[in-house]
Amino acid sequence: LRLAFENNPYRICFFWMWTPLPAQLEPFLIGAATKVPLQILMVSGFPSKSLQGSLFAVVGMQASTLTDALEHGTEHPADIAILIVGLFFTGALMIILVLLLRKELRRIQSQENESERS
């Protein structure tokens, strides 16, 4: 994980901040487990966490309306659309993070195999 952060810090910091961990724990884990400077964390991680927080705030504000909409139908179909878009967006970002980490792991393994052959 540390090598993946070192090789591609901006992307992985952005997507890592969408993981379902407590907001206070994510920067601590990045700082403790990697050598990513605070500047990179602020440039890529802070906007990511802000987007995630605002998305959950909008969904939270609509929660009572969404409950009514899912149970009885509603005259505001945008309420359901907010929930669906939020869920798909979060799911897509988690899939991208997994694929990005997988790609970095394969690249690191191929570098290690090449160094062993030499």
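Computation of the quantities below employed the complete heavy-atom set of this structure, encompassing side-chain atoms and omitting hydrogens, waters and symmetry-equivalent molecules. Treat the numbers as computed from the prediction; the structure is a model and nothing was measured.
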inquiry  = Quick check: is Ile95 connected to Met17 through a chain of hydrophobic side chains (ILVMFWY, heavy atoms under 4.5 Å apart)?
reply    = no

inquiry  = Do the side chains of Arg117 and Glu114 get close enough for a salt bridge, i.e. N-O under 4.0 angstrom?
reply    = no

inquiry  = Let me confirm one number: the CZ-CG distance from Arg106 to Asn113, rounded to the nearest 0.5 Å.
reply    = 13.0 Å

Distance, nearest 0.5 Å, that separates CG of Leu101 from CZ of Phe15 = 10.5 Å

task = Can you measure from CZ (Phe14) to CG (Leu51) and round to the nearest 0.5 angstrom?
result = 5.5 Å

request  = Treat each ILVMFWY residue as a node, draw an edge where side-chain heavy atoms are under 4.5 Å apart, and state whether Met42 and Leu25 are in one component.
outcome  = yes

query = Do the side chains of Leu93 and Leu29 join up, straight or via other hydrophobic residues, at under 4.5 Å, putting them in one cluster?
reply = yes

request  = Any chance you could measure Ile96, atom CD1, to Arg11, atom CZ, to the nearest 0.5 Å?
outcome  = 10.0 Å

ask   = CD1/Ile12 to CG/Leu100 distance, rounded to the nearest 0.5 angstrom?
value = 4.5 Å

task = Check the surroundings of atom CZ in Arg102: do more than 12 heavy atoms from other residues, nucleotides or ligands lie under 6.0 Å from it?
result = no

request  = Any chance you could measure Ile40, atom CD1, to Glu6, atom CD, to the nearest 0.5 Å?
outcome  = 10.5 Å

message = Using side-chain heavy atoms (C-beta onward) and a distance below 4.5 Å, is Leu41 in contact with Phe46?
response = no

key: Thr34, Val36, Val43 screened by side-chain contact (heavy atoms from CB on, under 4.5 Å) with Cys13, the one that passes   = Val36

query = Is it the case that one hydrophobic cluster holds both Val98 and Phe5, taking links as side-chain heavy atoms less than 4.5 Å apart, direct or via other members?
reply = no

request  = Would you confirm whether Ser48, through its side chain, and Ser44, through its main-chain N or O, come within 3.5 Å as a donor-acceptor pair?
outcome  = no

